[in-house]
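Shown next, in structure tokens, is the structure this report addresses.
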Amino acid sequence: RKVPSDETIAKLIAATGFKKLSVRRDPPALKKTIPELRVDLSAIAKGHGVDRVVERLDQLGAKNVFVEIGGEVRTTGSKGGESWKVGIQNPAIDELASGASPISVAHPITDKAMATSGDYRIFFEVDGKRYSHTIDPRTGRPIEHDLASVSVISDSCMKADGWATAINVLGPEKGLAVAKENNLEIYLIRRTDDGFTAKATGSLAQYVTPPQANLDSKTMFEKLMPTLMITIVGFALIITAMAIGVIFGRKAISGSCGGLAGKTNEDGSTSCSLCSNPAEACKELRAKMEQKNE
């Protein structure tokens, strides 16, 4: 729970990196270019262990297998004829109310593996700042972006484990771009001021909430609602005032016909009815109006 100095981090960066390690296959050998270099396989060790267990169970004749080590999972066959389902944990699991589901997604997989990397299980805080256990090798410091969880589906658990760690280091934007370039199926969970949001590719995309455009249109409608209500109330008041004026003033309301609506001619016809046959009828109407004006 002590943040190392810049000098310490600089020394550690100088002593890390895969380029300082060479491999010979026959006969097998590893060679370091600096004596301080150490090999840490924690980013793929659990996934590799899962693969080894599944391979051994297959050798023993097991057809329907679900193997999990530290959150890394691989399945073969089925569970009673149905696909095995692998859960992706909610990063806010420690903050959930009683009875709330700790699972964000339960995804069926067959003869594949899933691995998850996140910062909600192993971390520490110093002076109110949260430090993840995942170190970005480019800076020598813990990752600082808003990505809380990365889940990856692959044919082998070792690959899924390694990709999940790498994408977790890259962050949400670059990580998603790399996943698309390599045709990976991933599920990303990000922290926001309002909670968590998700992005995904492949078969995991079905669990992502509706597009933001739909949410924006709803928000726009809600913003326009007060103006719409004021307009409706204003029209209602105008119509009510006109109605009161007609009742107490005993005057007809002039319409689009210039006041002819509701008025009858000497023969009992209504002048407004002429609009249905305006040609000769309009001429007669004008003549009658001129005679009345004289």
With no hydrogens and no angle check, do the side chains of T192 and T197 hold a donor and an acceptor under 3.5 Å apart?
no

Step-by-step salt bridge (Lys or Arg N to Asp or Glu O under 4.0 Å) determination, D51 to R74
CA-CA 7 Å; D51 290 334; R74 182 172 169 181; 2.8 Å; yes

Check whether any side-chain heavy atom of T139 lies under 4.5 Å from a side-chain heavy atom of D136, and answer yes or no.
yes

Nearest heavy-atom contact between G140 and I9 is O-CG2, 3.8 Å

L176: which of K180, E173, K174 passes side-chain contact (heavy atoms from CB on, under 4.5 Å):
K180

Could you tell me the separation between the CD atom of Q59 and the CG atom of L57, rounded to the nearest 0.5 Å?
9.0 Å

Under a 4.5 Å cut-off applied to non-hydrogen side-chain atoms, are N168 and I143 in contact?
yes

Run the salt bridge (Lys or Arg N to Asp or Glu O under 4.0 Å) test on K11 and D6 for me, step by step, so that the C-alpha distance in whole Å, both residues' side-chain angles and the decisive distance to 0.1 Å come before the verdict.
CA-CA 9 Å; K11 290 180 180 179; D6 294 343; over 6 Å; no

Side chains of T201 and E185: is there a donor and an acceptor less than 3.5 Å apart?
no

Given the rule in the side chain to side chain contact (heavy atoms under 4.5 Å, CB included) test, do D111 and T75 qualify, once you have shown the distances and angles that lead to the verdict?
CA-CA 5 Å; D111 298 329; T75 73; 5.6 Å; no

What is the distance from atom CG of L184 to atom CG of L204, rounded to the nearest 0.5 Å?
11.0 Å

Which atom of G49 lies closest to which atom of I69, heavy atoms considered:
C-CD1, 3.9 Å

Are I34 and L30 connected into the same hydrophobic cluster when the rule is that any two of I, L, V, M, F, W, Y join if their side-chain heavy atoms are below 4.5 Å apart?
yes

Quick one: do D161 and K46 satisfy side chain to side chain contact (heavy atoms under 4.5 Å, CB included)? Show the steps, please.
CA-CA 8 Å; D161 198 1; K46 289 185 294 182; 4.0 Å; yes

Go through it in stages, so that I can follow the logic: the residues are E68 and F66, the test is side chain to side chain contact (heavy atoms under 4.5 Å, CB included), and I'd like the CA-CA distance, side-chain angles, deciding distance and then a yes or no.
CA-CA 7 Å; E68 183 268 345; F66 185 109; 4.1 Å; yes

Measure across K159 and S154 and return the closest heavy-atom pair with its distance rounded to 0.1 Å.
CB-OG, 3.6 Å

Gap separating the CD1 atom of I186 from the CE atom of M114, nearest 0.5 angstrom:
12.0 Å

Would you say CD of E144 has more than 12 non-hydrogen atoms from neighbouring residues, nucleotides or ligands within 6.0 angstrom?
no

Which heavy atom of A164 sits nearest a heavy atom of A115, and at what distance?
CB-O, 3.9 Å

Between V178 and V150, is there a shared hydrophobic cluster once you connect ILVMFWY residues whose side-chain heavy atoms come closer than 4.5 Å?
yes

Which atom pair, heavy atoms only, marks the closest approach of Y207 to A106?
OH-O, 3.7 Å

Distance, nearest 0.5 Å, that separates OG of S149 from CZ of F196:
9.5 Å

Rounded to the nearest 0.5 Å, the CG atom of L12 sits from the CZ atom of R141 at a distance of 11.0 Å

Is the number of heavy atoms from other residues, nucleotides or ligands under 6.0 Å of Q206 CD greater than 12?
yes

Are L188 and W163 connected in a single hydrophobic cluster, I mean Ile/Leu/Val/Met/Phe/Trp/Tyr linked by side-chain heavy atoms less than 4.5 Å apart?
yes

Would you sort out whether D146 and R190 count as a salt bridge (Lys or Arg N to Asp or Glu O under 4.0 Å), showing the intermediate values?
CA-CA 6 Å; D146 60 5; R190 303 179 65 175; 3.1 Å; yes

Same cluster for L37 and V23 if Ile/Leu/Val/Met/Phe/Trp/Tyr side chains link at under 4.5 Å?
yes

Would V67 end up clustered with I44 when hydrophobic side chains under 4.5 Å apart are linked, directly or stepwise?
no

A160 and V152 have their tightest heavy-atom pair at CB-O, 3.6 Å

Mind checking the NZ-OG1 spacing from K31 to T33? Nearest 0.5 Å is all I need.
9.0 Å

Taking the side chain as every heavy atom from C-beta outward, state whether C157 and H48 have any atom pair closer than 4.5 Å.
no

Min side-chain heavy-atom separation I109-K85 under 4.5 Å:
no

Would you find a donor on one side and an acceptor on the other, under 3.5 Å apart, between the side chain of D155 and the backbone of K112?
no

For the pair W84 and T110, evaluate side chain to side chain contact (heavy atoms under 4.5 Å, CB included) and give the outcome as yes or no after the intermediate values.
CA-CA 7 Å; W84 294 103; T110 302; over 6 Å; no

Quick check against the 3.5 Å criterion: does S83 have a side-chain atom that pairs as donor or acceptor with the backbone of K79?
no

R24, CZ: over 12 other non-hydrogen atoms inside 6.0 angstrom
yes

